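Working notes for the structure below.
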Amino acid sequence: MSYYFISIGGSGAKTLEALTHLCAAGAMPSRGDLNILAVDPDSGNGNLERSSTTLNNFAPVQNLGVGNDTPLFKTKISIIEPFPWKPVEVDMTLDDLMGYHLQGNNPLGSLYEVLYTQKERGTRLNEGFRGHPSIGAAVLAKKSIPREFLDKILGDANSGNEVKIFLAGSVFGGTGAAGIPTISRLLRNELIEKSDKVSIGGVLILPYFSFVASQDNRDLFARSENFHTNTKAALKYYAQKDNVFNAMYFVGDSQRANVKNFSVGASSQRNDAHIVEFYSALAALDFFAQPVTQTHEFKCISRSDSDNFSWMDFPTLTESVNEQKSEFELQKRFVQFARFIFAYIRFVKPVLKDLLDGKRSEYQYPWFVDYFSGAGIKNTDIKNFEDYAEAFVLWLKQLETLERREVSLIKSSMFAANPAQILHPDEFKSCDGSKTDLTLHEVWYRLSENVSFDSSVSGFGRFLRRLYDACKV
Amino acid sequence: MNRNVRTIVKIAIIIAGTIICGALAYFISSAAFGHSLATASNNMAYTNWQEKFSTLVIFTGAVTGICSLAWFILSRWVFEITSSTGGGRRIIWAILAVISLAGSIAVPQIYSASAGIKVNVLVMAVFVIFFTGIGYWLLSIITTPAAFKYTPVGARLIRARK
């Protein structure tokens, strides 16, 4: 099975961030590669920048030798270039793209003038489609999907693999709302001959945040008061038109989170992580786990408490191990991964540099003697992993401290982010609300015990694998 | 072997090791120096000297056995590591080593004076080798729980895996 994920716009990028963490935790349905394409005309978008930083931190980490018999880092993520794919060149306006100067005086030009306001036509699109899907739809319809991406999909389909493509984006903004129907249609047209091998799914992210724009801003930008109208129009489109999706997921939140710092776009558009993006990433996992020839099903996910998100609300996931399908609990896998990250931050990060520099006595750290001493571990591997761990904790902290909602996945009182640290070590054993005997001391103890691994486990990966295993309840 | 079984085995090794060390110290000292020390102890009968010497061995062995067991209990159940600076505890191990060493030297001095038998420096050397050297140091290297396995001096040479 080959997996493809296309993030479109800011909400898509944030879903990509959540999906990256879920992949790292081993929540993907099989060991196949996950190929990522990001679509955003605003390449400096803070949300995309954050996702791509997470991806870039994770990319080298996933190649560490943790072994082939563990969920840890089991999915290899490949980034498709150009990343992101920008459908608009720098400083271009809609007028430039549509060739308005060539057809200004003919009937087509007149129609164009009716459909788009002067502001929509004349605004430079460096910061995206500014909440106006009508601009995005026109731009994207004139573009074609990057050839490298299509060739990769066709290559997989031609070699007999089943291909699953998943798109994520909002329906209430600009880029996502324009991109999801347009790109999915372009893909379907290009892959029409392979429709028995290729299935396309998508998550349509409904409104889940709002913001107050500055009054003096005269630029064209997204307005949260338009989100409902945009959503209604988009849903009507999907209900009435014959859409190309094999599976669609709808995720949103009636309680809108307030975006603290409004931004038209670029690097200042950097919003906190949200549970809706976590759900959207889970939608991708659900889609990837289904067979290509899936019959039509209508599923609805519910919550046990309307104001509280807890592990009880998430379904079990499916994975293939040695071509055998089995179910696993997301909670167990995710919490083991979170504990693994926290244990590293607590025990290893504060002292590792000193130990490697010979500034600390090694005897105090049996794990250092067993896994690091003389193992030739590269500092870059350590740094990449630590950067990734910081990004994970920051994302998790934001998820846990959601405004107006209580999220009870990992106790937020236990840890702090930026820099990542454990504030209450005694909460480690019950960090997900369940009672366990897995204290930090127990993790240290297990980490120090002698364990053998096969030859696929090596270097820094060998240590990470042992630490991960030590965090299993 | 799970951790509980390993714990029981290690406690048994400490107890058995201490008894074996005591027996070796007793037989080696008796065989090598017993007759001359019995003569030096106001011509005491050898069997009488042996009887008093065996009590001395038991006392000295008990001191080092307690030290070994105390280190095991502390490192297995008492010391808790919840931060990156919580490991090691070599100072505690060293204090117990000093107590064991002091026991190997002082107990013979004090006991021999009160029991009216003579011991010489070679007997004390045997005690140091068997009780502090093997009974405490070597046994602590072998039996220290994983979380502190390299704390005993020299443990890394024996226990580190490559």
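Labels below follow one simple rule: chain letters A, B, ... track the order of the sequence lines, proteins then strands, and each chain is numbered from 1. Computed from a prediction, not measured in an experiment: that's the story for all the values here. No hydrogens, no waters, no symmetry mates; every other heavy atom, side chains included, goes into these values.
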Most chain A-contacting option - heavy-atom pairs closer than 4.5 Å, from B:Pro145, B:Ala146, B:Gly87: B:Ala146

Assess whether side chain to side chain contact (heavy atoms under 4.5 Å, CB included) is satisfied between A:Phe347 and B:Ile81, documenting all intermediate values. CA-CA 9 Å; A:Phe347 286 141; B:Ile81 305 172; 4.0 Å; yes

For B:Arg90 and A:Ser361, what are the C-alpha separation, side-chain angles and deciding distance, and is it a side-chain hydrogen bond (donor to acceptor under 3.5 Å, both in side chains)? CA-CA 11 Å; B:Arg90 187 172 271 179; A:Ser361 304; over 6 Å; no

For [X], I'd like to know if atom [atom1] has over 12 heavy atoms of other residues, nucleotides or ligands within 6.0 Å.
X        : atom1 : result
B:Asn42  : CG    : no
A:Lys74  : NZ    : yes
B:Lys118 : NZ    : no
A:Lys76  : NZ    : yes
A:Asp357 : CG    : yes

Should B:Ser84 and A:Gln364 be marked as a side chain to side chain contact (heavy atoms under 4.5 Å, CB included) after you check the CA-CA gap, both sets of side-chain angles, and the distance that decides it? CA-CA 9 Å; B:Ser84 57; A:Gln364 294 179 60; over 6 Å; no

Mind checking the [atom1]-[atom2] spacing from [X] to [Y]? Nearest 0.5 Å is all I need.
X        : Y        : atom1 : atom2 : result
A:Asn450 : B:Arg159 : CG    : CZ    : 7.5 Å
A:Phe368 : B:Tyr150 : CZ    : OH    : 12.0 Å
B:Phe79  : A:Trp444 : CZ    : CH2   : 13.5 Å

Toward chain A, the part of B:Arg3 with a non-hydrogen atom under 4.5 Å: side chain

Which bit of B:Pro152 comes within less than 4.5 Å of chain A, counting heavy atoms only: side chain, backbone, both or neither? neither

Do A:Glu449 and B:Lys149 meet the salt-bridge criterion of a basic N to acidic O distance under 4.0 Å? no

Between A:Arg346 and B:Thr82, a side-chain donor and acceptor under 3.5 Å: no

Could you walk me through whether B:Thr85 and A:Arg360 satisfy the side chain to side chain contact (heavy atoms under 4.5 Å, CB included) test, starting with their C-alpha distance in whole Å, then the side-chain angles of each, then the deciding distance to 0.1 Å, before giving a yes or no? CA-CA 10 Å; B:Thr85 53; A:Arg360 275 182 187 268; 4.2 Å; yes

